[in-house]
Amino acid sequence: MVMKRTHTCGELTDKNTGATVTLCGWVKSRRDHGGLIFIDLEDRYGVTQLVFNPQKNPSLHKEAERLGPQFVICVSGQVIPRLAGKANPNLPTGKIEIDVQTLEILAASEPLPFDLDGDIPAQEVRLKYRYLDIRRKMMQEVLITRHKIVNSIRTFFDRHNFVEVETPFLTRSTPEGARDYLVPSRIFPGSFFALPQSPQLFKQLLMVGGLDRYFQIVRCFRDEDLRADRQPEFTQLDVEMSFIEESDILALIEAMMKEVFQNVLKKDLKTPFRRISYDEALKLYGCDKPDLRFGLTLTDVTALLSKSQFKVFQGADKRQDIIKGLTLTPKADYSRSEIDKLTEFVKGYGAAGLVTYKVQNGVLTGAVAKYIEPDIQKELIKEMGAKENSLILIVAGKPDTTNDSLAGLRLHLTAKEGYQPAEPQRSPATYGGAEEFSFCWVTDFPLFQYSAQEKQLVSAHHPFTSPQDESINAIMDKRVGATEASMIKAKAYDLALNGVEVGGGSIRINSTKLQKKVFELLGISDAEAQERFGFLLDAFKFGAPPHGGIAVGIDRLVMLLTKQENIREVIAFPKTMSSTCLLTGAPAQVDEKQLKELGIKLGL
RNA sequence: GGGGGCGUAGCUCAAUUGGUUAGAGUACCAGACUGUCGAUCUGGACGUUGCGGGUUCGAGUCCCGUCGCCCUCGCCA
């Protein structure tokens, strides 16, 4: 194959002096002195300066005057050293320039809607002209890093004897609980495919198929409202293995991450990652994806403060409420308005309010301090590890909202205070961004959660998740009530990185009998189970090996490793917050003819 | 579905308690200029202040509605 260009715009140095070269690229800038014209020619590898000298070649110089920003050109010429003292030390190619002998304009360009080197334009503009946004260095670097990460992952799994298998996009809904994107069937009007929320069932079938070690880098689709770290279509590393246990999966992913960090970031990642049980995570951090880069842990003071006469707290334990809080030291100087803002913050999570005390002269002060009995005050200060000038922040209420709001408050305060240690004794040496990337496994998730909405137990993970061994007998032998069931732990695990959930998985049930029992507890009838995933249950009749796996969110992982604050930044063509594509205008209406063919009548 | 922020020239932003002709930088156009590298200098052109309504002598500014983008709660592993 004959390449048009002999070099890229980033590789020529004084070592190439004298060589005749051909370069292709975009005109980054033209500096026209009336006489000499300098062109910065750019491609994704770098920038090279071209010179047009009217005395050497008048007609070529005339041509160069026509060149505008972002014209695509191809030039041939000789690599010459720049004049003494005129080198540009900021460029790898700064010691040389190209004395152009031939110029071909491959494509002209209209003025761009925004400056590639200027301030980053509004999201509307970036997404509408995403191809121009991608021309920016920053975007290219992120996309290249993403490629390297994915490439490193593929190489890792290939070397460990995994087989990448593609699974269908046109399929049935999998039991993950999010809304499906539906695709109408033309052959069967009124019937629909669903785009997969994940390849969950297929990967289990691959285990039944004896493939033993499967992985896939695969697109998944969920029709839910978006967030800074959520897109309607996103990419997962999907993994499933047979004849393994939970610890095997964790170790595998740790090894993979270590390799990715080494290959892509040139950083040594410490393994094994920290492990924390779901219960412990909830207790100390109020959430199941704790950011362990810093301390500022929560303290449960339900028992103590329920005894108080203060009616916000009194009898909380009897109402099934909890009282938890955190202590900032030394932060008694928070102003009234700052505290009001924090109160508004927790109210955003549905908390009734925020009770705040300052510790001064060994006692609590603040608007509502007088309602707390002296002996309880003393005990509270002790339990919360507070000291002189500490600020104690307390939320009371339903467990979920209390934990949610305090987990949010913890992150909020940490960001606000710049990772300053609140209490070094209880959170040793974990402040100050000492750790750039803090992975942790959250294990021992509950198998079920009670859904108040449905008045029914639902799967915390998905219905094929195996309970832990000690609970299996309980489930099989006797009838398990709702409260007992909510105590059962699953062989399920999540991977959190800097407070972001980047993965999750489980060991699956491979016993038909146990699966039946779990469906029973979930209120799924035999008929319904057969209807929704009968094909999986059938498969399990024919020798299903014990198996389990995990899925890792590639977009989120790339986002964290490239220090981006939004998932859009690591996706070439992302959707807006309202799941539209500003570039193509999708979703869009379709021809009446298309609808008719699909048997669809709009009832808007 | 709820809460919040933003929307002014192609782009990034400004515009005093509501005040008279809505500015700046950059990009664009024209001209000048032989060592620049964010080139420089001179001049020019560029606005339905997202859209619709209202209050007012007067609205970019206040009110109501609506659309778009972003953040967040719910939702979503």
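A, B, ... follow the sequence lines: proteins, then strands. Residue 1 opens every chain.
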Point to revise | Selection from rG35(B), rC75(B), rG10(B) that lies nearest to any side-chain heavy atom of Arg230(A) | key: rC75(B)
Check your understanding: So, is Ser578(A) close to the rC69(B) phosphate, meaning a side-chain N or O under 4.0 Å from OP1 or OP2?
Key -> yes
Point to revise | ring-ring contact (aromatic ring centres under 6.0 Å, His included) involving His547(A) - partner list, sequence neighbours excluded | key: Phe540(A)
Exercise for review: Measure from the side-chain heavy atoms of Arg568(A) and tell me the nearest of rC71(B), rU36(B), rC75(B).
Suggested key: rC71(B)
Review point. Looking at rG35(B), rG10(B), rC75(B), which one has an atom nearest to any side-chain atom of Pro113(A)?
Key: rG10(B)
Practice item. In whole angstrom, give me the gap between the C1' atoms of rU8(B) and rC13(B). Key: 9 Å
Review point. How far, in whole Å, is rA24(B) from rC67(B) if one measures between their P atoms?
Key: 36 Å
Review point. Below 3.5 Å, does any donor atom in the side chain of Glu124(A) face an acceptor in the base of rG50(B), or the other way round?
Key: no
**Study point:** Step-by-step side-chain contact (heavy atoms from CB on, under 4.5 Å) determination, Met138(A) to Ile120(A)
**Key:** CA-CA 11 Å; Met138(A) 273 294 288; Ile120(A) 297 172; over 6 Å; no
**Study point:** Between C1' of rC75(B) and CZ of Arg179(A), the distance in whole Å
**Key:** 7 Å
**Study point:** Thr580(A) side-chain N/O to rC69(B) phosphate OP1/OP2 under 4.0 Å
**Key:** yes
Practice item. Rounded to the nearest angstrom, tell me the gap between atom CG in Leu50(A) and atom P in rU36(B). Key: 17 Å
Where do N or O atoms of nucleotides 4-6 of chain B meet protein N or O atoms at under 3.5 Å, pair by pair?
none

Review point. With distance as the sole criterion, is a donor-acceptor pair present between the side chains of Thr576(A) and Thr580(A) under 3.5 Å?
Key: yes
Review point. Quick one: Glu224(A) CD to rG1(B) P, roughly how many Å, whole number?
Key: 13 Å
**Study point:** Side-chain N or O of Arg227(A) closer than 4.0 Å to phosphate OP1/OP2 of rC73(B)
**Key:** yes
Review point. Is there a donor on the side chain of Arg222(A) or the base of rC76(B) sitting less than 3.5 Å from an acceptor on the other?
Key: no
Point to revise | Side chain Glu224(A), main chain Arg179(A), donor-acceptor under 3.5 Å | key: yes
Review point. Which one of Arg568(A), Arg230(A), Arg146(A) satisfies the side-chain hydrogen bond (donor to acceptor under 3.5 Å, both in side chains) criterion with Asp555(A)?
Key: Arg146(A)
Review point. Would you say Phe38(A) stacks on rU36(B), if stacking means ring centres under 5.5 Å apart and planes within less than 30 degrees?
Key: yes
What's touching nucleotides 37-45 of chain B from the protein side, N or O pairs under 3.5 Å?
unit_1, atom_1, unit_2, atom_2, d
rC37(B), O4', Arg31(A), NE, 2.9
rC37(B), O2, Gln49(A), OE1, 3.4
rC37(B), O2, Asn88(A), ND2, 3.0
rC37(B), N3, Arg82(A), NH1, 2.8
rC37(B), N4, Lys86(A), O, 2.6
rA39(B), OP2, Ser29(A), OG, 3.3
rA39(B), N6, Asp32(A), O, 2.5

